[in-house]
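We name chains A, B, ... by the order of the sequence lines, and we start the count at 1 in each one.
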There are 2 protein chains.
Amino acid sequence: MPRIRHERFDCSPGCTVEGTLRYIDGKWKGVVLYHLFEGTLRFNEIRRRIPNCTQRMLTNQLRELEADGLIARKIYPEVPPKVEYSLTPRGRSLEPVITALKVWGDANVTLAPEISQAAA
Amino acid sequence: MPRIRHERFDCSPGCTVEGTLRYIDGKWKGVVLYHLFEGTLRFNEIRRRIPNCTQRMLTNQLRELEADGLIARKIYPEVPPKVEYSLTPRGRSLEPVITALKVWGDANVTLAPEISQAAA
DNA sequence: CATGACGGTATCCTTTTCGACACTATGTGC
DNA sequence: GCACATAGTGTCGAAAAGGATACCGTCATG
């Protein structure tokens, strides 16, 4: 069951900062959103893009993002199952935020050596 | 002892997004940074601005931010003790990120009713 | 008949996070 | 001589987050 976070933000001025953080916090949400800016993706397509995330975790993160109205989940009643994930307008509105995070990260986050290569 | 996070960011493309998140994630860090954009503050000045954060948590968050090179801690060898916290240039460079988070939050995060009033 | 792809669940367990609370040292004011 | 302010630290325990692993049904392929 996806946890319900951020019911309240009673942390004083500045709290909408924390509020936003709780939407995109959660180990894989940032990356999931990042990949969905690419366009609509199926479950296993996302999975392949984030190999270190377990299936259970990915499901959880997707469910939470969906509950927060950031992504849409479309099920095709087929066999084998087909489920597509895409950003909602609200999710897409996070793009400047994710971009700001990425810009700062690119300039300030040192990646593990083998990854820096892979990313290059 | 402040935990050491983000030793590795092996989460595939998009990971500098996660990387940045781990710097400002941690329940009170966003707010602390937000208040320090105001200027240098003493320990209890920060504390009063974030009443829901316990002393121990505030100390932890400040220590982690310091370990990450985002804030500077200046101790005056006086009695009673006086310690000032301020942003480092690296910390200040996070301003666009925090701003992006706040802009989105102001537009999209619904505050608890009594707080919306206080913020207005 | 067995295997694999698909999109998940269910269960268990460990790690991490966070809050409550008590305690510290020193100097000043009452 | 007692309380108060400052800036913390230590310990405890609950709760949440996250990882490992196994399992599900259906269809197509070999």
Quiz item: Quick one: B:I75 CD1 to C:dT26 P, roughly how many Å, whole number?
Solution: 16 Å
Quiz prompt | Side chain of B:T59 - closest among C:dC6, D:dG8, D:dT26 | solution = D:dG8
Self-check item: Rounded distance (Å) that lies between atom P of D:dG18 and atom CG of A:N52
Solution: 14 Å
Quiz prompt | OP1 or OP2 of D:dG19 under 4.0 Å from side-chain N/O of A:W28 | solution = yes
Self-check item: Side-chain donor or acceptor of B:T88 paired with backbone N/O of B:G69 under 3.5 Å
Solution: yes
Self-check item: Side chains of B:Q61 and B:V31 in contact at under 4.5 Å (non-hydrogen atoms)
Solution: no
Quiz prompt | Phosphate-side-chain proximity, A:R48 and C:dC6, N/O vs OP1/OP2 below 4.0 Å | solution = yes
Practice problem: Could you list all the side-chain hydrogen bond (donor to acceptor under 3.5 Å, both in side chains) pairs where at least one residue sits in residues 74-83 of chain B, not counting sequence neighbours? | Solution: B:Y76-B:E84
Quiz item: Quick one: B:Q61 CD to D:dG8 C1', roughly how many Å, whole number?
Solution: 15 Å
Quiz item: What's the closest nucleotide to the B:R56 side chain, out of D:dT11, D:dG8, D:dA7?
Solution: D:dT11
Practice problem: Starting from P on C:dT17, measure out to CG on B:L58 and report it in whole angstrom. | Solution: 17 Å
Quiz item: Considering only C:dA20, D:dA7, D:dG8, which nucleotide approaches the side chain of B:T54 most closely?
Solution: C:dA20
Quiz item: Between B:R73 and D:dG8, does any side-chain N or O lie under 4.0 Å from OP1 or OP2?
Solution: yes
Practice problem: Between A:V79 and B:E45, just flag the one whose closest nucleotide in DNA chain D comes earlier from the 5' side. | Solution: B:E45
Exercise. Report the distance from atom CE of A:M57 to atom P of D:dT21, rounded to the nearest whole Å.
Key: 16 Å
Practice problem: Between C:dG8, D:dT6, D:dG8, spot the one nearest the side chain of B:R63, thanks. | Solution: D:dG8
Practice problem: Check every atom of D:dG8, D:dG18, D:dA7 against the side chain of B:Y85 and return the nucleotide holding the closest atom. | Solution: D:dG8
Exercise. Could you please name the option among D:dC27, D:dG18, C:dG8 that lies closest to any side-chain atom of A:K27?
Key: D:dG18
Quiz item: What is the distance, rounded to the nearest whole Å, between atom CZ of A:R42 and atom C1' of C:dA5?
Solution: 9 Å
Practice problem: Please report, rounded to the nearest Å, how far the C1' atom of C:dG8 is from the CZ atom of A:R47. | Solution: 10 Å
Quiz item: Which whole-number value in Å describes the distance from B:N60 CG to C:dA20 P?
Solution: 14 Å
Quiz item: Under 30°, 30 to 60°, or over 60°: which ring-plane class applies to B:Y85 and B:F43, parallel, tilted or perpendicular?
Solution: tilted
Quiz item: Is there a donor on the side chain of A:Q55 or the base of C:dG7 sitting less than 3.5 Å from an acceptor on the other?
Solution: yes
Self-check item: Closest-nucleotide ordering on DNA chain C, the 5'-leading residue of B:P81 and A:N44
Solution: A:N44
Exercise. Decide yes or no for A:L70 and A:L36: does some side-chain heavy atom of the first lie under 4.5 Å from some side-chain heavy atom of the second?
Key: no
